[in-house]
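In this chain, numbering begins with 1 at the start of the sequence shown. Source: prediction; values computed, not measured.
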Amino acid sequence: MNRQRVIFWLALMILGLETGAVPVAANMGVGEAIAGLSTSSLWELNRDAGGTLYISDYQLPAVVVVNPTSGAFTRYISPLTAAFVVTPSDAKPDTNGLIWWSDYYSAFGRINPTTNQITYWNLSTLSLSPGGLTFDAWGRVWLTQPYDPRLLRFNPANNELCRFSVGGGGNYVITYGGRLWVGDSQARRILRFDPATNSLTWWNLPGTNTSPKGLAFDADGRLWWADAAPGAGKLGRLSPESNQAVTYALPAGALPVAVVAGVEVMWYTSLAGTVGFVDPARASGSNWTLTTGSTTVSPTCSTVTAGTQTATRTTGTFSFPTVTWTVVSGTPTGITAYVPPGSTPAPAPYGMAFSDGRIWVTDQDRLRLARLPQVPQPPTLSIALSGSNLTLSWPPVTQDEGGGGVTVSSYQIWRSGQPYFRPWDTGVAYLGAPAAGPFNAGGVPAGSQAVFFAARSVADSRLISRTSSRVGAFSYTLTPGTTP
């Protein structure tokens, strides 16, 4: 009987997901607003569900609320002449629109943006120094302490403050999946606390030189931490259900403090003066199996008294003139780092958030709010059979996700035997990064009946697009009278 090997090709309209980075040599134009006053010190940067940004100005002291689309801002300044001067950190809103903040100098509080009233709770008699702040599903406020082994829970309904002894001490806390997650820099652990049951679980981080700071989850539900270990700065990634972790060593003496999920990559700020990202699809890391532990914690509770004062409210609109951030040369594959301009004072990037389709960064000492460009649009792939090989083609990408102009220097090509793959999935092959199409993708691998491809655009600034729609081909041996 006659047999014929037949290849069919098709375009699969599948949305891209998470990852990015490639070694090209260029710098990045970044919009920078002067967001602080001469007495300012810009620290944490958070966002709400709608994308509005919240800056903690630790020294002024103030909370700055920014519309990322228009640049319009409102600054709420605490009076320095008040009986108790607040110094806000980790400011963020609750579901009622009240802006809460922690204060390492023994306090925490909130601002009512409608009335400008500040309500604060002075904890100096309890010898407490709050650091990070988050909320639970019941509207209660939770606070960490950087150098004290207690997690704090405050109920705004009755002014009850409960203290949970969890060991160690953590700078920041986030809520994910109904639980609290803390980077315990004192005991070198990741903590997970369930506010419904008061149960505490922890993962011991590898080695003795580790100092977890900021935390973020990616689209796959994996926890990332910024590790500011001196001389060994890194980003870490934990899969909580399997206890598996990966750590990525960062370049340029990085001391990362914040980590944020961007478009298919994880961004970080570094106290060493750099901002960068790790592309899980291309970066190489060290793999670990972490030891764990768990317990149940009983709280000690008491009532705390509130004080009030009135904030001075000012408004305006930030402009974002473009400056050049320099690409750090010689970084490992899959890791890109940038240095903001200036030497007096030197760059001190600290807070970070993703909003309006781009990354935002506060510069602690240069008093800047940086607005990074949006990533380029992904290429639109097409596939055709050329002899026994498959050829990928695409028109040049010239715009970013916001419709602005962008220069794309290369296109990452990825291959998988699965149609719904992401570049960072196990078994996906990286085929290269041509400057333009068409691209000879070879044939269907021997022993396979199907192959699929995707691509990502890489701007000359090294910013990477989301993954394109997939295209693919099927290959069958046809025998007359039989089913393939």
Side-chain angles (χ1 to χ4, degrees), residues 44 46 56 78 82-112 117-187 189-203 212 215 293-309:
E44 294 84 7
N46 291 304
S56 298
S78 172
F84 184 84
V85 178
V86 301
T87 51
S89 292
D90 210 18
K92 60 191 66 168
D94 63 16
T95 55
N96 296 315
L98 300 175
I99 305 168
W100 292 79
W101 39 264
S102 62
D103 183 344
Y104 181 70
Y105 293 107
S106 301
F108 66 96
R110 71 185 180 213
I111 298 170
N112 186 324
Q117 179 174 287
I118 296 173
T119 304
Y120 66 90
W121 289 265
N122 188 343
L123 305 180
S124 57
T125 59
L126 299 175
S127 299
L128 300 174
S129 301
L133 178 148
T134 192
F135 310 99
D136 64 20
W138 296 272
R140 299 174 298 191
V141 180
W142 291 81
L143 304 129
T144 61
Q145 297 200 100
Y147 305 106
D148 187 285
R150 285 176 289 183
L151 189 63
L152 310 179
R153 184 190 71 197
F154 175 70
N155 189 342
N158 59 10
N159 287 339
E160 181 186 62
L161 182 74
C162 294
R163 301 173 291 283
F164 297 80
S165 181
V166 296
N171 289 79
Y172 295 110
V173 56
I174 62 174
T175 303
Y176 181 84
R179 296 162 171 170
L180 313 180
W181 299 80
V182 180
D184 183 350
S185 55
Q186 297 302 300
R189 304 177 300 172
I190 298 296
L191 306 181
R192 183 183 69 193
F193 187 84
D194 190 334
T197 62
N198 295 345
S199 60
L200 175 70
T201 303
W202 63 87
W203 289 261
L215 305 170
S294 62
T295 189
T296 300
V297 185
S298 298
T300 300
C301 301
S302 60
T303 300
V304 290
T305 302
T308 61
Q309 54 186 245

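- In this structure, a donor-acceptor pair under 3.5 Å is present between the side chains of S302 and R163.
- Distance alone, capped at 3.5 Å, places no donor-acceptor pair between the S89 side chain and the G131 backbone.
- The two residues P88 and S56 come nearest to each other via the heavy atoms O-CB, 3.6 Å.
- Atoms OG1 and CD1, from T144 and I174 in turn, are 12.0 Å apart once rounded to the nearest 0.5 Å.
- Between L152 and L161 there is a side-chain heavy-atom pair separated by less than 4.5 Å.
- In this structure a side-chain-to-backbone donor-acceptor pair under 3.5 Å is present from D103 to T87.
- Considering only heavy atoms from C-beta on, T134 stays 4.5 Å or farther from W181 through its side chain.
- Side-chain atoms of T296 and N198 include no donor-acceptor pair closer than 3.5 Å.
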Open item on the list: Quick one, T201 with R179, criterion side-chain contact (heavy atoms from CB on, under 4.5 Å). Give me CA distance, side-chain angles, the key distance, then yes/no.
Closed with: CA-CA 11 Å; T201 303; R179 296 162 171 170; over 6 Å; no

- [ ] Run the numbers on L128 and L143 for side-chain contact (heavy atoms from CB on, under 4.5 Å), then give the verdict.
- [x] CA-CA 10 Å; L128 300 174; L143 304 129; over 6 Å; no

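- When atom types are taken as modelled, the side chain of S102 and the backbone of L133 share no donor-acceptor pair closer than 3.5 angstrom.
- Residues P130 and P146 share a closest heavy-atom pair of C-CD, 4.3 Å.
- Under a 3.5 Å cut-off, the side chain of D184 and the backbone N or O of G169 do form a donor-acceptor pair.
- Annotation for Y105: atom OH does not count as buried by contact number, only 12 or fewer foreign heavy atoms lying within 6.0 Å.
- In plain terms, the two heavy atoms of G183 and L215 that are nearest each other are N-CD1, 3.5 Å.
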- [ ] May I have the step-by-step check of side-chain contact (heavy atoms from CB on, under 4.5 Å) for T119 and L98, ending in yes or no?
- [x] CA-CA 10 Å; T119 304; L98 300 175; over 6 Å; no

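- Taking the centre of each ring, W121 and W100 come in below the 6.0 Å mark.
- No side-chain heavy atom of L191 sits less than 4.5 Å from a side-chain heavy atom of L151.
- The shortest non-hydrogen separation linking C162 to P299 is CB-CB, 4.0 Å.
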Task: From CA spacing to verdict: side-chain contact (heavy atoms from CB on, under 4.5 Å), W101, I118 - done: CA-CA 11 Å; W101 39 264; I118 296 173; 3.8 Å; yes

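- A pairwise comparison of heavy atoms in P195 and R140 identifies O-NH2, 3.6 Å as the closest pair.
- The backbone N or O of G97 lies less than 3.5 Å from a partner atom in the side chain of D94, making a donor-acceptor pair.
- Checked against ring-ring contact (aromatic ring centres under 6.0 Å, His included), Y104 has no partners two or more places apart in sequence or in another chain.
- Here the shortest heavy-atom pairing between R189 and P212 reads O-CG, 3.7 Å.
- Rounded to the nearest 0.5 Å, atoms CZ (R150) and OG (S127) are 7.5 Å apart.
- The ring-ring contact (aromatic ring centres under 6.0 Å, His included) with W142 is formed by just one residue from the set F135, F164, F154; it is F164.
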Open item on the list: Determine whether T308 and Q117 satisfy the following criterion, side chain to side chain donor-acceptor pair (under 3.5 Å), listing intermediate values before the conclusion.
Closed with: CA-CA 7 Å; T308 61; Q117 179 174 287; 5.1 Å; no

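- Side-chain contact between S78 and Q309 is present, with at least one heavy-atom pair separated by less than 4.5 Å.
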- [ ] With salt bridge (Lys or Arg N to Asp or Glu O under 4.0 Å) as the test, would you mind laying out the steps for K92 and D90 before giving the verdict?
- [x] CA-CA 6 Å; K92 60 191 66 168; D90 210 18; 3.5 Å; yes

